[in-house]
Amino acid sequence: MPDGEDRPAHEESRERREQVSHAPTDRSLRWNPDGYCDFVRGEIPLYDDLQRALVTATEGLEAERILDLGTGNGETARRVLGAHPGASL
């Protein structure tokens, strides 16, 4: 079919099914706590800088309670709690 012409819907559906069949399996998407830090650092190259900046942003505050809303493996919570050892998490 020449460029610029629309493909029939049944061809698009077949191509979509083929793409889906090559999608990652559920096994590849499972949580892997041992590889999480490496995974995050691969996705967010400045992850450690982000963590330091987050803790720095809390300096001068007298935190009594810290709420962690599922921010990953607990690294953020650990660092903020380290900066505010009297707070509860």
Side-chain angles (χ1 to χ4, degrees):
M1 187 167 291
D3 288 339
E5 287 189 31
D6 292 331
R7 289 182 302 230
H10 70 277
E11 285 185 24
E12 290 178 11
S13 296
R14 180 176 44 83
E15 288 176 10
R16 178 70 184 131
R17 283 191 305 275
E18 289 171 0
Q19 289 172 352
V20 170
S21 70
H22 297 298
T25 63
D26 287 347
R27 178 179 287 294
S28 68
L29 299 175
R30 289 190 183 154
W31 168 251
N32 176 3
D34 296 329
Y36 182 78
C37 288
D38 291 335
F39 169 77
V40 169
R41 285 182 177 93
E43 294 293 312
I44 308 170
L46 299 175
Y47 178 73
D48 293 305
D49 293 338
L50 172 67
Q51 294 295 323
R52 281 189 287 279
L54 191 145
V55 172
T56 299
T58 69
E59 288 177 356
L61 299 175
E62 293 188 27
E64 295 178 12
R65 292 179 285 182
I66 300 168
L67 176 62
D68 182 338
L69 295 174
T71 58
N73 66 348
E75 180 66 18
T76 303
R78 183 189 67 78
R79 290 184 187 214
V80 173
L81 190 57
H84 303 281
S88 63
L89 177 64

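In this text, all values refer to a predicted model and were calculated from it rather than measured experimentally.
Leu50 and Leu54 are members of different hydrophobic clusters when ILVMFWY side chains are connected at heavy-atom separations under 4.5 Å.
Between Asp48 and Arg79, the closest side-chain pair of non-hydrogen atoms falls below 4.5 Å.
The line from CD1 of Ile66 to CZ of Arg78 is 12.5 Å long, rounded to the nearest 0.5 Å. The distance from the CG atom of Leu69 to the OG1 atom of Thr76 is 11.5 Å, given to the nearest 0.5 Å.
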Ile44 and Gln51: side-chain contact (heavy atoms from CB on, under 4.5 Å), yes or no, with the steps?
-> CA-CA 11 Å; Ile44 308 170; Gln51 294 295 323; over 6 Å; no
Does the side-chain contact (heavy atoms from CB on, under 4.5 Å) test come out yes or no for Tyr36 and Glu75, once each step is laid out?
-> CA-CA 11 Å; Tyr36 182 78; Glu75 180 66 18; over 6 Å; no
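Of all heavy-atom pairs between Ala87 and Ala63, the closest is CB-O, 3.3 Å. Nearest heavy atom pair, residue Asp68 against residue Gly74, reads OD2-CA, 4.3 Å. What you find for Leu61 and His84 is that their closest heavy atoms are O-CE1, 3.3 Å.
We find that Asp38 and Arg41 are not joined by a salt bridge, their nearest charged nitrogen and carboxylate oxygen being 4.0 Å or further apart.
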